[in-house]
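Here's the structure, in structure tokens; my notes come after.
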Amino acid sequence: MIGVSHYLALSAILFSIGVAGVLTRRNALIIFMSIELMLNAVNLSFIAFSRHLGDVDGQVFVLFVMAVAAAEVAVGLAIIISIYRKRGTANIDKVNIMKW
Amino acid sequence: MKQYIWLIPLIPLLGVIFNGLFGRAFDKSTRSVGGLFACGTVLASFLMSLKAVVELSQMPEGARLIVNRVFPWIVAGNFEVWFSVALDPLSAVMILVVTGVGFLIHVYSLGYMSHDEGYTRFFAYLNLFMFSMLTLVLADSFLLLFVGWELVGLCSYLLIGFWLHKDSAANAGKKAFIVNRVGDFGVLCAMFAIFGVFGTLDFQKIIAMVEHNATVTPWFLGKALPVLDVLHTATPLFGITLITVICLALFLGATGKSAQIPLYVWLPDAMEGPTPVSALIHAATMVTAGVYMVCRTSVLFALAPQALMVVAIVGCATAIFSATIGVAQYDIKRVLAYSTVSQLGFMFLACGVGAYAVAVFHLATHAFFKALLFLGSGSVIHGMHEEQDMRHMGGLAGKMKITFATMLIGTLAIAGIPFFAGFFSKDEILWKAFSTPLGEQFGRTLWMVGTAAAFLTAFYMFRLIYMTFSGKPRWHEHTHPHESPLSMTGPLMILALFSIIGGWIGTPPAWPVWQNHSFYEWLHPMFSQAEHILTTMSLAHPHHIDHHAAHALETQLMWGSVVVALAGIAIATVFYFRTNRHEAVRRILAPVHFVLNRKYFVDEIYTWTIVEPGKWFSSLFLWKIADAGIIDGFVNALAGLTGAVGGVVRRIQTGVVLNYALVFVLGVIAILYFVVWSGV
Amino acid sequence: MDISLMQIIFWALAACAVVAALGVVLSRNAIYSALCLVGTMFCLAGLFVLLNAQFLAAAQVIVYAGAVMVLFLFAIMLLQAGQAPGEERFTVQALLGWLFGIILAVQIGALVFVAFKGQSAAHTSKTGGPVLSASQAIVPGASATVTLKDSYKNADSKVKDTVEIEFIAGPTNEAETITLTETGPDTAVFAGTAATLADALPGKPEDGAFHVQPGYKITANYEDTRTGNYRTAVIRVRDHVIEMPAAVTPDADLNVSVSSHAANTGPAADTVKIVVTNKPSGEREAVVLTETGPATGVFTGALKTKHGTVPGRNNDGVMIARGGDTLTALYQPGDGDKIEAALTDGELGEDEQIPEAAASAEVAFGNTESVALALFAKYLYPFEAIAVLLLIAMIGAVLIAKKKLKKAND
């Protein structure tokens with residue numbers, strides 16, 4: 001039988017892949033997609049727990065996460081486009097103005 | 001009305017907000033709106049006070065107390081102070097005087113300040129003062145009283161330095177503020193000590209604890225004892241009992257606020273402020289705050305006879321000391337200022353001999369006639385185009401009839417001529433001093449010095465009248481004296497009326513006709529406890545009084561003081577009335593005159609003993625060594641260290657977001673490690 | 001080891017999701033990354049359906065795989081960022097990145113293992129939260145059955161575990177602890193009975209039986225130790241109780257029983273008459289129930305049902321019904337007796353009988369209606385806030401992207 005722990009393990013794997021993507025890739029867009037992957041992994045564990053506990057609240061939170069992720073994508077892509085227009089690249093390594 | 005006592009101080013605050021925030025929005029033609037609004041708030045406050053006092057008077061005599069606990073102000077542990085106001089017979093007298101005289105002076109200012117640039121600013125300050133003073137007198141606890149106490153000091157500072165472009169005014173403001181700080185230090189110390197002993201700062205609670213000799217556990221003793229034992233046995237300073245130390249610290253505050261020796265020096269300089277300010281703050285109300293406080297804490301003072309003697313001696317000395325200075329001054333407002341100091345000395349003399357009610361009575365009558373005299377002098381100055389030197393006046397009686405008439409009434413009142421207000425209160429003070437329970441010889445001495453001061457008062461006040469209003473004009477060219485507008489003369493006339501009738505509500509027992517003691521009866525519940533403590537003490541040193549003989553003696557003394565006042569007037573008339581005889585005397589007594597005119601060099605002595613050493617110490621040690629060397633050095637060393645560490649550590653900052661993310665994930669891994677393997 | 005359809009679907013979707021996720025991270029071309037991400041999201045949507053979250057599965061497809069990914073593809077095309085240079089270089093950063101990713105996966109996996117250690121997978125997948133059910137109504141003196149389904153209390157999968165639940169009878173506040181025993185090893189279903197005595201006197205606590213009269217109420221509050229929520233079961237004590245199965249298959253007999261001491265008029269086996277009504281079709285059938293023995297007060301009987309779509313005639317002894325119909329049994333006691341009889345609903349299932357105990361929880365959980373209820377009742381204000389956030393994000397995105405740049409200063 002498939003239990004909640006299976007779903008959680010899958011969620012952990014997907015999340016870690018997302019983390020690895022964020023840490024290894026330099027293309028800002030791919031990094032962003034990896035972040036989406038992490039959010040999705042979290043959503044999966046939310047729903048699995050929701051099912052496990054018989055409590056619908058988890059699903060509501062997934063809905064919120066989706067809404068926030070959509071907002072984040074809109075703003076994040078706008079920022080990336082803005083950076084690209086200013087620097088001519090979407091390579092994160094080239095954007096190192098956080099150093100002063 | 002009983003629930004709304006707290007509105008009495010708050011209404012003038014509306015005027016502060018109105019004039020302070022929106023005053024600049026008015027131009028010259030519309031700004032009288034601000035002035036009228038300010039007057040309106042004070043009038044409203046006065047009417048409410050009147051209503052409240054009427055309601056208070058309808059309560060049974062022993063229970064005349066209305067307390068409004070408005071909101072909890074400071075709550076920390078078991079320490080709790082409420083913003084709480086209390087109306088009792090004493091504060092009732094005070095709020096009537098403050099709002100009544102205050103309203104008249106507001107109206108007067110409408111005319112007096114009409115040409116001034118800072119018209120609305122002036123009214124904002126004046127209203128702020130009304131708020132502060134009413135808070136002070138209505139306060140139910142030492143802490144709120146202290147708030148009012150500091151706020152009136154602030155207003156005094158702001159209003160003395162009102163003409164801030166004048167260096168002398170700014171300096172006078174600073175002087176008043178700093179000298180008052182010395183006194184405030186005393187009040188603060190007293191408050192700490194009182195809280196340490198009683199565990200509360202509420203007047204009612206403190207008085208009740210003294211009355212019932214409640215058991216307290218002060219932290220410095222660590223055991224429970226009856227409060228009177230604590231106060232009388234603890235000797236914190238040089239073997240002086242705690243209660244005496246508390247009272248002397250309070251009295252130090254009073255000498256600062258009420259301009260007594262040794263802290264009186266700011267008041268004459270405070271005359272740099274506009275004349276309505278001198279009348280309101282530096283004659284009628286604020287300077288009496290010290291007297292009020294001593295009366296408010298009468299129970300404590302009654303427990304400390306030594307402190308009371310100090311109060312009496314200081315008051316008496318101040319009365320004679322400043323009267324002698326007043327004799328040799330030429331600035332019309334300075335004469336009045338020294339006269340104020342002298343009269344405040346009389347009030348403290350009364351407090352010191354345990355005659356609190358008489359002190360409050362003199363406070364009230366003095367508020368009327370001294371406000372009148374100041375406003376009159378303001379009218380003269382206004383008419384003479386800002387001339388304050390009496391040597392350039394003279395012969396104004398014909399030009400300024402109302403001002404002359406009202407000022408003459410005020411002068412007669414302060415000189416102690418029968419039928420005028422000042423006579424009743426001052427004569428009663430002298431009699432109380434004479435018959436003090438603190439000692440026969442002591443009382444005699446006080447009486448003699450006080451009578452001498454009264455004589456000098458009559459003399460220098462008539463000297464002022466003669467030099468200003470009689471004789472040939474000694475004006476500068478192009479001076480065209482004129483009578484002031486109705487908004488100024490109106491308050492003068494009202495105050496003159498009160499200077500005449502104000503004394504009739506509290507005639508001395510020896511006064512032959514129309515006996516009326518309603519004022520003393522009104523205040524009796526306030527001071528009965530203190531008087532009881534004092535009389536029981538004097539019974540320990542039997543001091544038998546034959547009441548019949550005492551009455552006869554009082555009558556004799558009363559007529560004696562009338563004679564003395566008349567003598568003062570006569571001598572003034574001889575030397576100053578349409579004559580130059582005083583010039584000859586001045587030449588003969590040139591050294592004496594010089595010393596008096598320079599005010600006994602007190603300012604110079606203070607400068608060389610306190611101010612200059614202070615400056616020297618500050619610049620040499622505090623500035624160059626303590627501040628620039630130690631404090632700055634410490635801060636600079638710290639900054640240098642931070643910079644050095646930062647120079648090394650900043651290499652970690654690559655500026656590449658991915659590196660930061662890597663470290664961030666490392667942190668997550670570390671936390672997870674603990675969660676997983678810590679046995680959850 | 002038997003492999004069910006569900007398991008096959010799960011493993012397939014999970015494998016696809018992981019492969020697609022690796023594709024997102026590993027592919028050189030950003031367009032392929034985006035397409036792989038779409039794949040991952042579809043797989044996840046499928047898993048959501050398995051988890052009974054159909055609404056979120058739809059939202060996942062529409063919002064993520066649809067709107068968000070289109071936005072990504074637009075951005076990739078717009079920036080011509082398909083193949084950004086500098087990705088080929090091998091760096092310490094990349095090595096550490098993969099290392100950390102693996103460590104993270106292991107650690108979270110360990111966390112899951114630690115947290116669910118000792119709990120068999122069998123019951124965590126099937127059940128939602130604990131379900132407490134009990135006889136809805138009993139007559140005084142009868143025993144009520146109590147059933148609890150809670151995988152969390154299945155402490156040992158080898159033996160029959162027991163659970164104790166405290167019941168309180170109102171209005172006397174008599175408390176009795178009922179011990180429920182697992183129906184078999186590792187079933188996580190616990191059953192027990194609460195005995196009652198028809199007695200006017202309030203009984204002592206913990207004396208083994210509730211002393212009740214008609215009108216009393218026996219209540220249990222069972223705490224779900226994981227969520228802190230309470231499950232409540234209420235047993236009502238009535239004069240008359242009528243009972244029917246929760247569901248019945250057409251063509252089978254509908255067994256109805258009535259408990260009533262008042263109807264036990266003689267020492268012989270008495271009879272009572274009830275009327276069964278089919279709600280949608282309006283067909284009514286009268287059924288005579290016979291007492292199970294002399295003076296037991298329990299009456300049983302059966303009504304034949306037959307599958308059909310055309311309503312049959314009234315009182316012909318056979319109830320024509322189809323899946324989804326509701327049957328209502330009505331018992332009216334004697335003429336002078338004004339007490340209304342209890343009603344029990346029976347729902348007809350077409351092909352499968354829904355398992356009795358879990359039925360209510362399974363149906364109520366996870367459907368769109370319950371999500372909407374939670375969203376618009378409990379989480380209304382957060383929902384509004386999220387809506388405002390979305391609006392602001394939209395405006396902000398437009399503003400940022402539209403902003404006129406000064407000449408690039410590098």
Side-chain angles (χ1 to χ4, degrees), chain A residues 1-10 12-17 19-21 23-27 29-30 33-34 36-37 40 44 47-48 51-57 59-60 62-64 66-71 73-75 77-82 84-91 93, chain C residues 6-7 10 14 17-18 21-22 24-25 30 33-34 37 41 44 47-48 51-53 56 59 63 68 71 75-76 79 81 84 86-87 94 97-98 100-101 104-105 108-109 112 116 121-122 124-125 128-129 226-227 361 365 370-371 374-375 379 386 389-390 393-394 396-397 400-401 405 408:
Chain A
M1 286 297 280
I2 305 300
V4 67
S5 47
H6 290 73
Y7 287 98
L8 293 179
L10 175 64
I13 292 167
L14 292 179
F15 186 83
S16 305
I17 292 173
V19 170
L23 294 182
T24 53
R25 300 307 298 263
R26 294 186 186 76
N27 188 332
L29 284 162
I30 295 182
M33 283 186 238
S34 304
E36 292 300 316
L37 193 59
N40 267 287
L44 181 61
I47 293 179
R51 163 80 176 187
H52 179 63
L53 300 177
D55 194 338
V56 84
D57 285 3
Q59 298 200 12
V60 174
V62 169
L63 204 67
F64 287 158
M66 281 185 183
V68 172
V73 165
V75 176
L77 286 177
I79 290 172
I80 289 175
I81 287 175
S82 186
Y84 183 81
R85 280 170 37 190
K86 196 173 171 73
R87 304 227 151 207
T89 177
N91 188 332
D93 279 358
Chain C
M6 294 275 260
Q7 278 170 300
F10 172 80
V18 171
L22 285 171
V24 173
V25 175
S33 287
L37 188 56
M41 284 164 176
L44 286 178
L47 290 171
F48 288 1
L51 286 168
N52 224 352
L56 288 175
V63 176
V68 169
L71 212 54
I76 294 166
L79 303 188
E87 291 281 5
W98 281 110
F100 284 6
L104 205 59
I108 301 175
V112 172
F116 290 91
T124 50
S125 71
R226 280 164 295 180
T227 60
F365 174 71
S370 60
V371 175
L375 198 57
Y379 292 101
I386 283 285
L389 175 81
L390 267 175
M394 213 162 72
I400 294 170
L405 289 168

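These numbers come from the heavy atoms of this one structure, side chains and all, not from hydrogens, waters or symmetry mates. Below, chains carry the letters A, B, ... as their sequence lines are ordered, and counting in each starts from 1.
Looking at C/Leu22, both its backbone and its side chain come within 4.5 Å of chain A, counting heavy atoms on both sides. The contact between C/Ile386 and chain A is made entirely by side chain atoms (from C-beta outward), counting heavy-atom distances below 4.5 Å. Both the backbone and the side chain of C/Leu375 come within contact range of chain A, with heavy atoms under 4.5 Å apart. C/Phe100 touches chain A through its side chain: at least one heavy atom from C-beta onward sits under 4.5 Å away, while N, CA, C and O do not.
Here the CD1 atom belonging to A/Ile80 is positioned 7.5 Å from the CG atom belonging to C/Leu79, to the nearest 0.5 angstrom. Separating the CG atom in A/Leu63 from the OH atom in C/Tyr379 is a distance of 12.0 Å, to the nearest 0.5 Å. A distance of 9.5 Å separates CD1 of A/Ile47 from CG of C/Leu47, quoted to the nearest 0.5 Å.
Side-chain contact check for A/Ile17 versus C/Val24: every heavy-atom pair is 4.5 Å or farther apart. No side-chain heavy atom of A/Leu23 sits under 4.5 Å from any side-chain heavy atom of C/Trp98. In this structure, the side chains of A/Leu14 and C/Leu44 come closer than 4.5 Å at one or more pairs of heavy atoms.
For the residue pair A/Val56 and C/Ala374, the shortest heavy atom distance occurs at CG1-CB, 3.5 Å. What you find for C/Leu390 and A/Ala70 is that their closest heavy atoms are CD2-CB, 4.2 Å. A/Ala74 and C/Ala397 make their closest contact through O-CB, 3.4 Å (heavy atoms, listed as atom of the first residue, atom of the second, distance). Of all non-hydrogen atoms in A/Gln59 and C/Ala53, the two that sit nearest each other are NE2-CB, 3.5 Å. Scanning both residues, A/Met66 and C/Ala59, for their nearest heavy atoms gives SD-CB, 3.9 Å. Taking each heavy atom of A/Leu29 and C/Ala75 in turn, the nearest pair found is CD2-CB, 3.9 Å.
The choice from A/Val68, A/Val62, A/Ile13, A/Leu77 that makes the most heavy-atom pairs within less than 4.5 Å of chain C is A/Leu77.
Under the rule for a side-chain contact (heavy atoms from CB on, under 4.5 Å), the partners of C/Leu104 that lie at least two apart in sequence or sit in another chain are A/Phe15, A/Ser16, A/Val19, B/Val668, B/Ile669, B/Leu672, C/Ile108. Under the side-chain contact (heavy atoms from CB on, under 4.5 Å) criterion, A/Ala9 pairs with no residue, sequence neighbours left out.
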